[in-house]
**Student:** 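One structure, pasted below without further comment.
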Amino acid sequence: MKHTRIRPFNTKDTYPEQNIDNDLCQAVVAKGSTVFLRGQIGQDLETTESVCIGDVKGQTEQAMYNIDMLLKEAGGTLEDICKITIYIIDPRYREDVYRVVGRWLKGVHPVSTGIVVSALARPEWLVEVDATAVI
């Protein structure tokens, strides 16, 4: 690990009633260059087209793909992520969204916050993932 992860845990232990398997932690001590990413949504960064309309899992996949691509362009990897914030417009999306994010960030153990909001910037967007990394 590039950073010190304090009190790592897995959501399957913390939320046994939900089908989520995410590696998270309570705090991250990071050293290096900080990269702040814009919140990523179901949008193709090359075309700016919204993708996976009505499909929260597909939009989450696109958001995580964008985060992975942007971190690579910045000289880093997903392992450099220290903090994520996930915004969903419906609490029923939580398990689907967290399963996708958890697959992308398996073994990373970032700090994570989840927020349910009434809407995102466009009506077709169902989820937004914000990430901060230290390379």
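Note that this is a predicted model, so its numbers are computed, not measured.
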**Student:** So do the side chains of I81 and L71 get within less than 4.5 Å of each other, counting heavy atoms only?
**Tutor:**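 Yes, close enough: below the 4.5 Å cut-off.
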**Student:** Side chains of K31 and T4 only: does a donor on one sit below 3.5 Å from an acceptor on the other?
**Tutor:**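 Looking only at side-chain atoms, T4 and K31 do not form any donor-acceptor pair under 3.5 Å.
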**Student:** Have a look at L126 and tell me which of T60, D55, I89 forms a side chain to side chain contact (heavy atoms under 4.5 Å, CB included) with it.
**Tutor:**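 Of T60, D55, I89, side chain to side chain contact (heavy atoms under 4.5 Å, CB included) with L126 is met by I89 alone.
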**Student:** Verify, without hydrogens or angle tests, whether N22 (side chain) and Y98 (backbone) share a donor-acceptor contact under 3.5 angstrom.
**Tutor:**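 Checked: pair present.
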**Student:** How long is the gap from CD1 on I86 to OG1 on T113, to the nearest 0.5 Å?
**Tutor:**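 Those atoms lie 9.0 Å apart.
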**Student:** Hey, any chance V101 and L120 share a hydrophobic cluster, counting ILVMFWY side chains that come within less than 4.5 Å of each other, even indirectly?
**Tutor:**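 V101 and L120: one cluster.
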**Student:** Say whether L70 and L105 are linked into one hydrophobic cluster, either directly or through other cluster members, by side-chain heavy-atom distances under 4.5 angstrom.
**Tutor:**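 In one cluster with L70: L105, yes.
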**Student:** Show the nearest heavy-atom pair for residues V129 and M64, with the distance to one decimal.
**Tutor:**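 Of all heavy-atom pairs spanning V129 and M64, the closest is CG1-SD, 4.0 Å.
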**Student:** Is K106 paired with D23 through a side-chain N to carboxylate O contact shorter than 4.0 Å?
**Tutor:**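 Here D23 pairs with K106 in a salt bridge, since their nearest N and O are under 4.0 Å apart.
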**Student:** Start with the C-alpha distance between T14 and L24, add both sets of side-chain angles, then the distance that settles side chain to side chain contact (heavy atoms under 4.5 Å, CB included), and finish with yes or no.
**Tutor:** CA-CA 10 Å; T14 307; L24 302 174; over 6 Å; no
**Student:** What distance do I67 atom CD1 and D130 atom CG have between them, rounded to the nearest 0.5 Å?
**Tutor:**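 So the gap between those two atoms works out to 7.5 Å.
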**Student:** Do Y93 and V117 sit in the same hydrophobic cluster, where Ile, Leu, Val, Met, Phe, Trp and Tyr count as joined when their side-chain heavy atoms come under 4.5 Å apart?
**Tutor:**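 Yes, because Y93 and V117 connect within a single hydrophobic cluster, where side-chain heavy atoms sit under 4.5 Å apart.
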**Student:** Distance check, rounded to the nearest 0.5 Å: Q26 atom CD versus S112 atom OG?
**Tutor:**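 Reported value, rounded in 0.5 Å steps: 10.5 Å.
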**Student:** Should we say atom OH of Y15 is surrounded by more than 12 heavy atoms from elsewhere, each under 6.0 Å from it?
**Tutor:**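 Counting other residues, nucleotides and ligands, OH of Y15 stays at 12 neighbours or fewer.
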**Student:** What's the shortest heavy-atom distance between W104 and Y65, and which atoms?
**Tutor:**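 Between these two residues, the closest heavy atoms are CH2-CA, 3.6 Å.
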**Student:** Would a single hydrophobic cluster contain both V100 and I53, if residues Ile, Leu, Val, Met, Phe, Trp and Tyr are joined by side-chain heavy-atom contacts under 4.5 Å?
**Tutor:**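 Hydrophobic grouping puts I53 apart from V100.
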**Student:** With rounding to the nearest 0.5 Å, note down the distance linking OG1 in T34 to NZ in K83.
**Tutor:**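 The distance works out to 14.5 Å.
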**Student:** So which heavy atom on P8 is nearest to which on H109, and how close?
**Tutor:**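 Shortest heavy-atom contact: CB-ND1, 3.5 Å.
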**Student:** So does R103 have more than 12 non-hydrogen atoms from other groups sitting under 6.0 Å from CZ?
**Tutor:**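 Above 12, so yes.
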**Student:** So does Y87 get a backbone contact from the side chain of E128, meaning a donor-acceptor N/O pair under 3.5 Å?
**Tutor:**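 Between the backbone of Y87 and the side chain of E128 there is no qualifying donor-acceptor contact (under 3.5 Å).
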**Student:** Kindly indicate whether the side chain of S50, heavy atoms from C-beta on, has any atom under 4.5 Å from the side chain of R122.
**Tutor:**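 Yes, close enough: below the 4.5 Å cut-off.
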**Student:** Do the side chains of I20 and R94 get nearer than 4.5 Å, heavy atoms only?
**Tutor:**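 With C-beta onward as the side chain, the pair touches.
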**Student:** Look at E61 together with K57 and state whether they make a salt bridge at an N to O cut-off of under 4.0 Å.
**Tutor:**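 Judged by the 4.0 Å cut-off on N to carboxylate O distance, E61 and K57 do not form a salt bridge.
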**Student:** With a 4.5 Å cut-off on side-chain heavy-atom distances among I, L, V, M, F, W and Y, is there a chain of contacts connecting F36 to I135?
**Tutor:**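 Hydrophobic grouping puts F36 apart from I135.
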**Student:** Side-chain contact, heavy-atom cut-off 4.5 Å: V108 with R5?
**Tutor:**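 SC-SC contact between V108 and R5 confirmed.
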**Student:** Could you report the tightest heavy-atom contact between W125 and Q43, atom names first, then the distance?
**Tutor:**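 Looking at all heavy atoms of both residues, the closest pair is CZ2-NE2, 4.0 Å.
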**Student:** Are E46 and M69 packed together at the side-chain level, in the sense that at least one heavy-atom pair is separated by less than 4.5 angstrom?
**Tutor:**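 Contact flag for E46/M69 side chains = yes.
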**Student:** When rounded to the nearest 0.5 angstrom, what is the spacing between CG in L45 and CG in N66?
**Tutor:**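 Taking CG in L45 and CG in N66, the distance rounds to 3.5 Å.
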**Student:** CD of E124 to CD1 of I41: how many Å apart, nearest 0.5 Å?
**Tutor:**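 So the CD of E124 and the CD1 of I41 are separated by 8.5 Å.
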**Student:** Are any non-hydrogen side-chain atoms of C25 and I6 less than 4.5 angstrom apart?
**Tutor:**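 No - every pair of side-chain heavy atoms lies 4.5 Å or more apart.
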